[in-house]
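Heads up: the structure comes next, in structure tokens.
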Amino acid sequence: MALPTAVKIVEVGPRDGLQNEKEFVPTATKIELINRLSAAGFPNIEAASFVSPKWVPQMADGAEVMAGIERRSGAIYSVLTPNMRGFEGALAARADEIVIFGAASEAFSQKNINCSIAESIERFAPVAQAAKEHGVRIRGSVSCALGCPYQGEVPVASVVDVVERFAALGCDEIDIADTIGVGTAKRVHEVFEAVTKVFPRERLSGHFHDTYGQALANIYAALEEGIAIFHASVAGLGGCPYAKGATGNVATEDVLYLMNGLGIQTGVDLNQVVAAGDFISNAIGRANVSRAGKALLAKARSEAACS
Ligand code: HMG
Ligand code: MG
């Protein structure tokens, strides 16, 4: 299959990237990060979570973050909502899209949201219905689609099953998430070949963590399957609180560098993302793990020193 000519990059750093930070990141820093990412041109930013602050304290200021950001016209600002309480918060915060998040692995579902896969779908049903009634977009995220930290191998049929359940709830978009970054390209092909039989290809996304350094190869494999939505985290921020040892999402700068090289349109300005990655890494005192980001920063510094 020919590669897509344009892709949508969903910037998930402010949520997936920051949620695991031990030290509380000040609300003003989160807002500035999102504003910089909006200015860089992202069509979709995952900005916050409306989850239990006991479970994920870092995301406790979601309402303040959503109230403080400058929204770029036409851009989608998404938030995570595990239940009706989360949905009410999302609605009050004028989120454009809510994310319901389930897993293809029973063990991970229990650890992450404290219920079985079937129970999670029951909890999501009223959330999805309410979102439809209020004209809010719905995205479903399928964790552990390429492997689970507790159960190991996850059958492709389990991924297809959750995708079908999310489709029945009316999801506009569904994420195939490699929560712990264990997947490799062959499996990516197999999973997307299977899920595209039950949900439209153009509304499926790849959400790859980079723990084993496979994320860019996995994105390329997904592009070969005609997938045109990818999630990425500026400076490679992140890690999952319920997946020990998992690192962040693939770094956005690296994905943009790949897409630019392939001549695939993203509408996002790489240099502004590199600057945003530098800003947040310095602000939270964390190493920038984007290879392209670090290379471009070093190049800019050496050019400035020579001029
Ligand atoms: P629970 O403890 O089973 O249920 O949590 P509960 O209803 O008994 O609630 C417990 C407490 O949380 C109660 O407070 C509730 O009021 C409160 P208490 O009475 O003890 O004081 N509460 C809430 N507070 C604020 N907002 C809410 C909310 N709901 C309940 N919406 C629950 C169940 C799902 C709420 C909990 O397990 C939870 O919040 N989990 C968060 C999970 C999470 O955010 N995980 C990380 C994001 S998912 C991810 O990163 C994967 C992804 O990136 C894809 C991938 O890579 O795989 C998307
Ligand atoms: Mg994730």
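Only this structure's heavy atoms are used, side chains among them; waters, hydrogens and symmetry mates stay out. For ligands, and for the atoms within them, numbers begin at 1 and follow the listed sequence. Since the model is a prediction, treat every value here as computed from it, not as a measurement.
- Checking Ser78 against Asn44 by side-chain atom types alone, a donor-acceptor pair falls below 3.5 Å.
- Nearest heavy-atom pair across Thr179 and His209 is O-CG, 3.3 Å.
- The aromatic rings of Phe208 and Phe192 sit perpendicular, their planes meeting at an angle over 60°, well past the 30° parallel limit.
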Yes or no on side chain to side chain contact (heavy atoms under 4.5 Å, CB included) for Phe101 and Asn112, after CA distance, side-chain angles and deciding distance?
-> CA-CA 9 Å; Phe101 48 105; Asn112 192 32; 3.7 Å; yes
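- Atoms of ligand 1 found under 4.0 Å from any heavy atom of Ser143 (numbered from 1 in listed order, with element): 51 (C), 54 (C), 55 (C), 57 (O).
- Heavy atoms of His231 come nearer than 4.0 angstrom to ligand 1 in no pair at all.
- Set against the non-hydrogen atoms of His209, the atoms of ligand 1 under 4.0 Å away are 56 (O).
- The nearest non-hydrogen atom to atom 45 (N) of ligand 1, considering only Asp178, Asn112, Asn20, Ile113, comes from Asn112.
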Does the salt bridge (charged side-chain N to carboxylate O under 4.0 Å, His left out) test come out yes or no for Lys8 and Glu173, once each step is laid out?
-> CA-CA 12 Å; Lys8 174 169 95 165; Glu173 223 165 276; 3.0 Å; yes
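- Of all N, O or S atoms in Asp16, the one lying closest to the Mg ion (ligand 2) is OD2.
- Residue contact check: Asn114 has heavy atoms under 4.0 Å from atoms 1 (P), 2 (O), 3 (O) of ligand 1.
- Taking a cutoff of 4.0 Å between a charged side-chain nitrogen and a carboxylate oxygen, Asp175 and Arg139 qualify as a salt bridge.
- Each of the atoms 24 (N), 25 (C) of ligand 1 lies under 4.0 Å from some heavy atom of Pro53.
- Using a 4.0 Å cut-off to heavy atoms of Gly86, the atoms of ligand 1 that qualify are 31 (N).
- The option with the heavy atom closest to atom 37 (O) of ligand 1, from among Phe50, Phe208, Trp55, is Trp55.
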Run the numbers on Glu70 and Arg36 for salt bridge (charged side-chain N to carboxylate O under 4.0 Å, His left out), then give the verdict.
-> CA-CA 10 Å; Glu70 287 158 28; Arg36 283 171 177 256; over 6 Å; no
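- For ligand 1, the atoms sitting less than 4.0 Å from at least one non-hydrogen atom of Val56 are 43 (C), 44 (O), numbered in the order shown with element in parentheses.
- Counting heavy atoms under 4.0 Å from ligand 1, residue Pro82 touches it through the side chain alone.
- Ligand 1 places these atoms under 4.0 Å from at least one heavy atom of Leu80: 47 (C).
- Side-chain contact, Glu11 with Thr252: a donor N or O sits under 3.5 Å from an acceptor N or O.
- Between the side chain of Ser49 and the backbone N or O of Val51, no donor-acceptor pair lies under 3.5 Å.
- Taking the Mg ion (ligand 2) as the apex, the angle formed with NE2 of His207 and NE2 of His209 is 90°, to the nearest 10 degrees.
- Counting heavy atoms under 4.0 Å from ligand 1, residue Arg123 touches it through the side chain alone.
- If you look at Val99 next to ligand 1, there are no close heavy atoms at all, none under 4.0 Å.
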Give the intermediate values and the outcome of salt bridge (charged side-chain N to carboxylate O under 4.0 Å, His left out) for residues Arg301 and Asp278.
-> CA-CA 12 Å; Arg301 281 179 193 133; Asp278 194 36; 3.4 Å; yes
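- Between the side chains of Tyr77 and Ser38, a donor-acceptor pair is found at a separation under 3.5 Å.
- In terms of polar-atom proximity, defined here as any N/O pair under 3.5 Å, Phe101 makes no such contact with ligand 1.
- Under 4.0 Å from ligand 1, the heavy atoms of Ser141 that appear belong solely to its side chain.
- Counting atoms of ligand 1 from 1 in the listed order, those under 4.0 Å from a heavy atom of Asp16 are 50 (O), 53 (O).
- Of the candidates Ala103, Ser233, Ser52, the one placing a heavy atom closest to atom 11 (C) of ligand 1 is Ser52.
- Using a 4.0 Å cut-off between heavy atoms, Met59 makes no contact with ligand 1 at all.
- Counted by atom type alone, His231 and Asp16 present zero donor-acceptor pairs between their side chains at under 3.5 Å.
- Across Glu119, Lys54, Gln58, Gln19, heavy-atom proximity to atom 19 (O) of ligand 1 is greatest for Lys54.
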Stepwise salt bridge (charged side-chain N to carboxylate O under 4.0 Å, His left out) test for Lys186 and Glu190 | CA-CA 6 Å; Lys186 182 167 176 281; Glu190 289 162 0; 3.2 Å; yes
